[in-house]
Amino acid sequence: MVGPRTLAAAALVLLAVAWHAGHQRLVRANGDRAEGFVWQLPQGFPAPRVPPDNPMTPVKVELGRRLFHDPRLSGDGTLACVSCHDPARAFTDGRARALGIQDNLHPRSAMSLTNVAYNATLGWDDPGLTRLEDQALVPLLNTRPPEMGVAGREDEVLARFAGDRRYRALFTEAFPKDDHPVTLRNVTYALAAFERTLISGNSPYDRWAYGGEVAALDPEARAGARLFFSRRLNCFRCHAGFNFSGPVVYEGSAGPRPLFHNTGLYDEDGRGAYPAPNTGVHRHSGRAADMGKFRAPTLRNIALTAPYMHDGSIPTLAAVLDHYAAGGRARSAGPHAPAATDDDLTDPLMAGFKLTPDERRHLVAFLHALTDDSFVRQAQETGQP
Ligand code: HEC
Ligand code: HEC
């Protein structure tokens, strides 16, 4: 005779078997499980957030790395991601404004990819762009202006990789559940996986602040750090946290919570207008209150990424400090100065301040101490084929 207890136990076993089978199916459906990938994280850094449909695997990162450096990914075969995001310059291009295929001038400056995995939003001013997978389509397909010029030539571009034995093998291994893995979607997924590995946290400042290396930061840079974190200058209020940046997301964090600021760079009309098309969040929302609002980028490796701001209009770090000291350069030097002091678009934290020449030097020294040479060296080495 079978008692209720035995029945219950049998039911449990059945449930467990069913769950296990279901789980196996799930894992197999996912195919590309996060197998063998280990984050190399600096002390105190959280693990980046990874979309559930694009788990990290070493082979996917390797595929993304190759694609990132390969000019065959552009329509006419002349430009790679790395052309505008050069590791030696912390993944920027040294230009005020980026240059797409056939010398198409982009209205904005190429951004650093330092710690890009943590950014709550991507791009200078787009509140809706939150996934690296989606961002990668922008340079590929953009037509205003063309950056990599893939729009309308998708099949031709993909055929180059499908026809390459080594790439075919990498795509197959990185996306094992796909019958035809060489797709634009998988290109962007692999690029995103690679970009998430671009993590930098070994600057002299880090070694001094977190590594206990008292000598890593010289006294001038230490004085600069005190200024940076002071209520007088307020830099840390917008360039915040471990990434010296606007809002971050990571594994287990809330968000994303986008945040953008007007730092008073322009005032075209006495009411705070920025020159089109670079009107910031306003160009996405159409709201007057969003005029001139941009994301506060990371200041890590900032000494390598001149010229500065969304349009590269400030050539040096010292000149950036002058802009902040003036409470936004539009207030002191714009065509409508000093009337512009009353505009309510410029962020209230842009109150302006006076710096002695020594203080200015100290602050620049501090910003230089955010340069992570090991990151740059490694990024250059992994750029080798
Ligand atoms: C023609 C130069 C150019 C090329 C080529 C290029 N980019 Fe960019 N990249 C830019 C510019 C300019 C921006 C800023 C765009 C904006 O916000 O308007 C940017 C921004 C980004 C960002 C956002 C970074 C952040 O902190 O939010 C990522 C990520 C990125 N690019 C990845 C890529 C990838 C991947 C490729 C190759 C598929 C690529 N880029 C090719 C110029 C370029
Ligand atoms: C109100 C918020 C806010 C404050 C305060 C602030 N920043 Fe910024 N910072 C931003 C934003 C937003 C940008 C991008 C602006 C743009 O491109 O239009 C930026 C850009 C920069 C850049 C150029 C980054 C790049 O990649 O081109 C540097 C350098 C910089 N800030 C340093 C500082 C320093 C130093 C201080 C303190 C003196 C400071 N910031 C205070 C919000 C702020």
Side-chain angles (χ1 to χ4, degrees), residues 64 67-68 70-71 73-74 79-85 90-93 95 97-101 104-126 129 132 135-140 142 145-150 187-188 191-192 194-195 198 224 227-228 230 232-240 244-246 259-266 274 277-278 280 283 292-299 301-303 305-314 316-317 319-321 323-325 328 346-351 353 355 363-364 366-367:
L67 289 168
F68 189 87
D70 198 330
L73 194 52
S74 60
L79 216 63
C81 306
V82 75
S83 313
C84 297
H85 299 286
F91 295 93
T92 58
D93 59 0
R95 297 174 181 278
R97 293 163 56 186
L99 207 56
I101 58 160
N104 278 290
L105 191 59
H106 195 286
R108 286 172 295 282
S109 191
M111 301 181 89
S112 169
L113 302 186
T114 299
N115 295 335
V116 71
Y118 296 109
N119 292 338
T121 62
L122 299 164
W124 284 105
D125 56 17
D126 192 344
L129 195 56
L132 285 167
Q135 194 286 332
L137 286 175
V138 177
L140 292 171
N142 193 3
E147 291 179 66
M148 296 177 73
V150 176
V187 166
T188 64
L191 285 169
F194 166 67
E195 292 176 280
L198 303 178
L227 289 166
F228 184 89
S230 71
R232 176 156 73 96
L233 270 62
N234 277 330
C235 313
F236 75 106
R237 305 274 296 273
C238 298
H239 301 277
F244 298 91
S245 72
L259 189 59
F260 303 88
H261 315 268
N262 179 316
T263 64
L265 277 174
Y266 295 100
Y274 271 46
N278 292 337
R283 98 189 151 90
K293 285 193 174 174
F294 291 86
R295 198 186 87 208
T298 181
L299 297 184
N301 298 313
I302 195 71
T305 67
Y308 300 105
M309 304 305 186
H310 66 270
D311 56 358
S313 60
I314 304 189
T316 63
L317 287 173
V320 170
L321 296 182
H323 156 71
Y324 282 108
T346 303
D347 196 290
L349 290 173
M350 298 287 302
F353 47 80
L355 281 185
L363 206 45
V364 170
F366 164 72
L367 293 171

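Ligands are counted one by one from 1 in listed order, and the atoms in each one are counted from 1 as well.
Remark: minimum distance from atom 16 (C) of ligand 2 to any protein heavy atom is reached at H310 ND1, 3.3 Å. Among protein heavy atoms, the minimum distance from atom 17 (O) of ligand 1 is reached at W124 N, 2.8 Å. Scanning the protein for heavy atoms near atom 7 (N) of ligand 1, the closest one is H85 NE2, 2.9 Å. With respect to atom 12 (C) of ligand 2, the closest heavy atom belonging to the protein is F294 O, 3.2 Å. When hydrogens are left out, the protein atom nearest atom 11 (C) of ligand 1 is A110 CA, 3.6 Å; that is the closest non-hydrogen contact. For atom 41 (C) of ligand 1, the closest heavy atom belonging to the protein is P139 CB, 3.4 Å. The protein atom (non-hydrogen) at minimum distance from atom 29 (C) of ligand 1 is E195 OE2, 3.2 Å.
Atom numbering of ligand 1 starts at 1 in the shown order; those under 4.0 Å from a heavy atom of A80 are 5 (C). Interface of L191 with ligand 1, defined as ligand atoms under 4.0 Å from a residue heavy atom, comprises 38 (C). Atoms of ligand 1 lying under 4.0 Å from any heavy atom of G100, numbered from 1 in the order shown and given with element: 1 (C). In the vicinity of R295, heavy-atom distances shorter than 4.0 Å reach the ligand 1 atoms 25 (C), 26 (O), 27 (O). Numbered from 1 in the order shown, with element, the atoms of ligand 2 that lie under 4.0 Å from a heavy atom of D347 read 1 (C). Residue L99 has at least one heavy-atom neighbour below 4.0 Å for each of these atoms of ligand 1: 1 (C). The atoms of ligand 1 that sit less than 4.0 Å from any heavy atom of N119 are 25 (C), 26 (O), 27 (O). The atoms of ligand 2 that sit less than 4.0 Å from any heavy atom of L265 are 16 (C), 18 (O). Heavy-atom proximity to M148, at under 4.0 Å, picks out these atoms of ligand 1: 5 (C), 37 (C), 38 (C), 41 (C). Near L317, meaning under 4.0 Å from any of its heavy atoms, are these atoms of ligand 2: 29 (C). Close approach of ligand 2 to N234 is summarised as follows: ligand atoms under 4.0 Å from at least one heavy atom of the residue are 5 (C).
Between L349 atom CG and N234 atom CG the span is 5.0 Å, to the nearest 0.5 Å. Here CZ of F194 is found 11.5 Å from CG of L132. Values are rounded to the nearest 0.5 Å. Here OG1 of T305 is found 3.5 Å from CD1 of I302. Values are rounded to the nearest 0.5 Å. Rounded to the nearest 0.5 angstrom, L321 CG and L233 CG are separated by 8.0 Å. The CE atom of M350 sits 7.5 Å away from the CG atom of L265 when rounded to the nearest 0.5 Å. To the nearest 0.5 Å, the span separating CG on L113 from CZ on F68 amounts to 5.0 Å.
By the 4.5 Å heavy-atom criterion applied to side chains, T121 and D126 are not counted as neighbours. V320 has its side chain within reach of M309: a pair of non-hydrogen atoms, C-beta onward, lies under 4.5 Å apart. L191 places a side-chain heavy atom less than 4.5 Å from the side chain of L73. You'll find the side chain of L227 stays beyond 4.5 Å of the side chain of F366, heavy atoms only.
With a heavy-atom cut-off of 4.0 Å, T298 does not touch ligand 1 at all. Contact annotation for L122 and ligand 1: heavy atoms of both the backbone and the side chain come within less than 4.0 Å of the ligand. Heavy atoms of D311 found under 4.0 angstrom from ligand 2: none, in either backbone or side chain. With a heavy-atom cut-off of 4.0 Å, L132 touches ligand 1 through its side chain alone. Under 4.0 Å from ligand 2, the heavy atoms of F353 that appear belong solely to its side chain.
Nearest to atom 13 (C) of ligand 1 by heavy-atom distance, out of P277, S109, G123, is S109. In this structure, of H261, R237, M309, the residue bringing a heavy atom nearest to atom 27 (O) of ligand 2 is M309. Distances from atom 43 (C) of ligand 1 to the heavy atoms of E147, Q135, H106 show the closest one on E147. Closest to atom 3 (C) of ligand 1 by heavy atom, among G246, C84, S74, is C84. Around atom 18 (O) of ligand 1, the closest heavy atom drawn from R95, R97, R108 belongs to R108. Nearest-heavy-atom check against atom 24 (C) of ligand 2 across L321, I302, N262, L259 picks out I302.
The shortest separation from a heavy atom of F236 to ligand 2 is not under 4.0 Å, leaving the residue out of contact. For the pair M111 and ligand 2, no heavy-atom separation below 4.0 Å is found. Residue contacts with ligand 2: F260 is excluded, as none of its non-hydrogen atoms falls under 4.0 Å.
By the 30° and 60° cut-offs, the orientation of the rings of Y274 relative to Y266 is perpendicular.
There is no side-chain donor-acceptor pair under 3.5 Å between N115 and T298.
Put simply, the side chain of R97 never gets that close to the backbone of D311: no donor and acceptor are under 3.5 Å apart. Checked by atom type and distance alone, the side chain of W124 pairs as donor or acceptor with a backbone atom of S109 at under 3.5 Å. For the pair R295 (side chain) and G123 (backbone), a donor-acceptor distance under 3.5 Å is present. Side chain of H239 to main chain of F228: no donor-acceptor pair is present (N/O by atom type, distance under 3.5 Å, no hydrogens or angles). Panel note: side chain S112, backbone A90; a donor-acceptor pair is recorded below 3.5 Å. For N262 (side chain) and G264 (main-chain N/O), a donor-acceptor pair under 3.5 Å exists by modelled atom type. Remark: the backbone N or O of P107 is paired with a side-chain donor or acceptor of N278 at under 3.5 angstrom.
For E147, the side-chain hydrogen bond (donor to acceptor under 3.5 Å, both in side chains) partners are N142, not counting sequence neighbours.
Atom 8 (Fe) of ligand 1 does not have C81 among its coordinating residues (no N/O/S atom, backbone or side chain, under 2.8 Å).
When all heavy atoms of M148 and L79 are compared, the pair lying nearest together is CE-O, 3.5 Å.
For atom 8 (Fe) of ligand 2, the count of nearby protein N, O or S atoms, meaning those under 2.8 Å away, is 2.
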